[in-house]
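Chain identifiers are assigned alphabetically (A, B, ...) following the order of the sequence lines, protein sequences preceding nucleic acid strands; residue numbering begins at 1 within each chain. We use all heavy atoms of the structure for the numbers below, so side chains are in, but hydrogens, waters and symmetry mates are not.
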Protein chains: 2
Amino acid sequence: MPDQETPRAPTGQEIADWVRQRIRTGRFVPGQRLVEVDIIRQTGASRSKVREALKRLEGEGLVEIEEFRGASVRSSTLDEVRQIYRARMALEGMAAHDFTQNADPALLARLQALQDQLDACVRERAPDRFGRLNNEWHRLIVEGSGNKVIADHLQRLNVPIHRLLFESFYDEERLQTANADHQAMLALILAGDADGAERAMRQHIGDGFETLARIEDEFYR
Amino acid sequence: MPDQETPRAPTGQEIADWVRQRIRTGRFVPGQRLVEVDIIRQTGASRSKVREALKRLEGEGLVEIEEFRGASVRSSTLDEVRQIYRARMALEGMAAHDFTQNADPALLARLQALQDQLDACVRERAPDRFGRLNNEWHRLIVEGSGNKVIADHLQRLNVPIHRLLFESFYDEERLQTANADHQAMLALILAGDADGAERAMRQHIGDGFETLARIEDEFYR
DNA sequence: GATGACGATATTGTTGACAATTTTATCAAT
DNA sequence: ATTGATAAAATTGTCAACAATATCGTCATC
């Protein structure tokens with residue numbers, strides 16, 4: 001008898017992941033209502049699991065739940081995005097510091113390889129691919145820092161701004177300065193200058209917010 | 001007709017608070033199993049609410065839920081505590097920086113008043129009271145920084161180490177150096193030296209972990 | 001006394017029915 | 001056409017019963 005296909009019902013965590021993904025990729029937009037039955041239909045999960053997942057996401061600040069009105073995707077003000085970036089500066093700066101102190105050669109090689117690919121993206125003007133690789137670059141540093149607590153908190157911070165993280169790279173100038181930042185940071189890391197790497201990471205993220213704020217301002221004008 | 005006593009059933013959030021409190025104050029110790037019926041008996045909540053609360057706490061990393069075995073208080077290794085302190089250094093340092101830049105006179109006055117009380121505790125050798133006021137001191141800076149995101153994440157970080165935050169102050173020497181740190185930091189804040197305040201805060205928290213690690217080491221010897 | 005099988009009890013997981021509330025549709029009055 | 005009232009439908013909140021699993025105590029066996 002061949003392996004039976006077992007489409008077991010998704011767990012609460014998996015449904016939460018599913019919703020998170022849809023929020024990240026913009027298929028669920030801020031303000032949109034998340035009706036339990038719809039999610040049940042689309043995921044095949046039971047109602048309790050869906051409710052559990054929504055509660056979970058509420059705890060992460062990703063959705064809002066009003067009594068008898070259900071869940072909806074929470075939207076962030078520009079000021080809240082600013083606060084998120086401030087937290088990112090602090091945590092990811094620390095991660096860069098610790099990564100520089102702890103990183104083993106294998107990780108350094110992977111980072112170097114990623115950097116080469118990023119350079120290629122700049123030459124070929126491929127902002128989309130750059131965005132994806134940029135995410136990997138940052139994640140590699142965070143995961144490589146050996147601090148799971150910081151990694152967890154950063155992951156949570158990033159979800160609501162995930163889409164914004166790609167926007168800026170359609171600006172040719174930002175693409176180049178961001179890549180230059182990465183190159184400089186890599187040099188500092190390889191040189192073992194932990195404090196320098198931390199400062200550079202904070203500056204880099206701070207600049208990232210500045211361009212973002214500029215774009216948003218134009219958008220809302 | 002006088003106001004009727006209305007003991008409405010507690011919400012999931014309130015039960016979660018209740019459990020958090022008990023974990024903080026050590027009435028629920030790491031490893032202890034949290035049986036649903038017990039919590040129902042003690043809080044008067046319905047089972048769904050209790051389950052919701054436990055899931056919530058699992059999301060915060062405070063309890064562990066195993067299938068068909070239920071929830072138990074998660075215990076942190078010393079390395080995880082180290083990671084938490086590392087995250088605190090980053091976030092609370094940033095908070096101190098922003099507090100210095102933004103704080104209005106009213107907050108500065110409150111901070112000064114707290115400092116006076118802390119000084120008194122040192123003179124009178126009152127480590128318990130010092131611990132409580134110390135918490136307030138730190139919280140005042142975080143709340144006063146104007147960054148709700150950072151405040152939220154710090155609150156979460158602090159729950160599992162809440163009891164540890166008091167332990168160190170029974171060491172006379174730590175009590176004095178901690179207070180000296182506070183005094184120096186207050187001076188930097190009043191002088192408007194944001195970078196200095198940030199560095200001082202990070203150093204202060206880092207030192208806090210060092211004494212803690214020393215105590216734990218002795219304990220486990 | 002130690003070990004393992006077995007049943008009784010305790011505990012958690014899931015489902016479905018029903019209550020409370022909001023949202024939508026309908027239609028009369030102006 | 002707009003408003004407002006009313007009923008119907010949709011949606012969420014709650015609870016209790018039942019299923020699945022784990023835990024504990026008992027007893028026979030070695």
For the residue pair W18(A) and F28(A), does the interplanar ring angle fall in the parallel (under 30°), tilted (30 to 60°) or perpendicular (over 60°) class?
perpendicular

Is any side-chain heavy atom of R129(A) closer than 4.5 Å to one of Q117(A)?
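Contact flag for Q117(A)/R129(A) side chains = yes.
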
Does the side chain of H162(A) reach to within under 4.5 Å of the side chain of N135(A), using non-hydrogen atoms?
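When only atoms from C-beta onward are counted, N135(A) and H162(A) do touch, with a gap below 4.5 Å.
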
Pairs of donor and acceptor atoms involving the side chains of residues 101-114 of chain A, under 3.5 Å and at least two apart or interchain, shall be tabulated with distances.
from: N102(A); atom 1: ND2; to: D98(A); atom 2: O; distance (Å): 3.2
from: N102(A); atom 1: ND2; to: S145(A); atom 2: O; distance (Å): 3.4
from: D104(A); atom 1: OD2; to: A106(A); atom 2: N; distance (Å): 3.4

Which residues pass the ring-ring contact (aromatic ring centres under 6.0 Å, His included) test with Y170(A), not counting sequence neighbours?
none

Classify S48(B) by what it touches in the nucleic acid, base, sugar-phosphate, or nothing, heavy-atom distance under 4.0 Å.
base

Keeping the roles fixed (side chain from Q83(B), backbone from K148(A)), state whether a donor-acceptor pair exists under 3.5 Å.
yes

Mind checking what makes side chain to side chain donor-acceptor pair (under 3.5 Å) contact with R22(B), not counting sequence neighbours?
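For R22(B) the side chain to side chain donor-acceptor pair (under 3.5 Å) partners, ignoring immediate neighbours, are Q42(B).
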
Rounded distance in Å - CZ (R47(B)) to C1' (dG16(C)):
15 Å

Who are the salt bridge (Lys or Arg N to Asp or Glu O under 4.0 Å) partners of D79(B), not counting sequence neighbours?
R82(B)

Contact under 4.0 Å: S46(B) side-chain N or O vs dC15(D) OP1/OP2:
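For dC15(D), OP1 or OP2 has a side-chain N or O of S46(B) closer than 4.0 Å.
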
In residues 49-71 of chain B, which residues come under 4.0 Å of DNA chain D by heavy atom?
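When residues 49-71 of chain B is checked for heavy atoms under 4.0 Å from DNA chain D, the hits, listed by number, are K49(B), F68(B), R69(B).
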
Residues in residues 33-44 of chain A with a heavy atom under 4.0 Å of DNA chain D, by number, are L34(A), V35(A), E36(A)

